[in-house]
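In what follows, a single structure is set out as structure tokens and then discussed.
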Amino acid sequence: MSARREDDPRIHGIKSQIRVVPDFPKPGIMFQDITTLLLDPKAFKDTIDLFVERYKGKNISVVAGIEARGFVFGAPIAWAIGAKFVPLRKPRKLPGKVYKEEYILEYGSDCLEMHVGAVEPGERTLVVDDLIATGGTLCAAMNLLERAEAEVVECACVIELPDLKGRERLNGKPLYVLVESH
């Protein structure tokens, strides 16, 4: 599901602040740069507000943010809805015991890690990232959380690249996005 509220001017304002950088990080990739969104305090606030409006009162106890841009959106959402924030990190960034999940990206491969004990069995969890492309990163995040027996309620992204069909890889898990980019 997208937040396609054509009558909500916040969606247009958010989309207009996302810069597209061709051929980054490699030729053929149209990189969706959210740093320009972050430079606009109103657009950034509107982004957080739209997510908070959706998730406040939904009994979510964990917001898991994917490194690095998922931290930017996930932490303020967690704070606003009264949930704890769990960072899902790149390899070797977390001390102690971790769950580890390798995955394929649109332009390579990577790995996510989460502290063992960061979530409790049955905790209702929201996974947040800036963008869904092929869905590999979100699937890895869900796998980490489900290994800890958390209940992944939904995934939330600012941007979806629907042509890459990442939503289809989520095995029916709900996905909420604010804007699509073709």
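Numbering of residues begins at 1 and proceeds along the displayed sequence.
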In chain order, what residues pass the side chain to side chain contact (heavy atoms under 4.5 Å, CB included) check against Lys45, with sequence neighbours excluded?
-> Asp49
For Arg169, the salt bridge (Lys or Arg N to Asp or Glu O under 4.0 Å) test, sequence neighbours excluded, returns none
Residues forming a side chain to side chain donor-acceptor pair (under 3.5 Å) with Gln17, sequence neighbours excluded | none
Under the ring-ring contact (aromatic ring centres under 6.0 Å, His included) test, which residues partner Phe71, sequence neighbours left out?
-> Phe85
For Glu102, enumerate each residue passing the salt bridge (Lys or Arg N to Asp or Glu O under 4.0 Å) test, keeping only those at least two apart in sequence or located in another chain.
-> none
Could you tell me which residues satisfy salt bridge (Lys or Arg N to Asp or Glu O under 4.0 Å) with Lys165, sequence neighbours excluded, listed by chain and number?
-> none
Look at the side chain of Lys15 and the backbone N and O of Arg10, then say whether any donor-acceptor pair between them is shorter than 3.5 Å.
-> no
Applying side chain to side chain donor-acceptor pair (under 3.5 Å), which residue pairs with at least one partner in residues 74-97 are found, sequence neighbours left out?
-> Glu67-Arg89, Lys84-Glu123, Lys90-Asp110
With sequence neighbours excluded, residues passing side chain to side chain donor-acceptor pair (under 3.5 Å) with Asn171 | none
side-chain contact (heavy atoms from CB on, under 4.5 Å) partner of Val86, the single match among Val127, Leu144, Thr125, Val62 = Val62
Please identify each residue that fulfils side chain to side chain contact (heavy atoms under 4.5 Å, CB included) with Val72, with sequence neighbours left out.
-> Leu38, Phe44
Sequence neighbours excluded, the answer for side chain to side chain donor-acceptor pair (under 3.5 Å) partners of Lys42 is Asp46
Sorted by chain and residue number, the side chain to side chain contact (heavy atoms under 4.5 Å, CB included) partners of Glu154 (sequence neighbours excluded) come out as Arg54, Tyr55, Leu126, Pro174, Tyr176
Can you list the residues that meet the side chain to side chain contact (heavy atoms under 4.5 Å, CB included) rule with Arg19, with sequence neighbours excluded?
-> Val21, Asp33, Thr35, Thr36
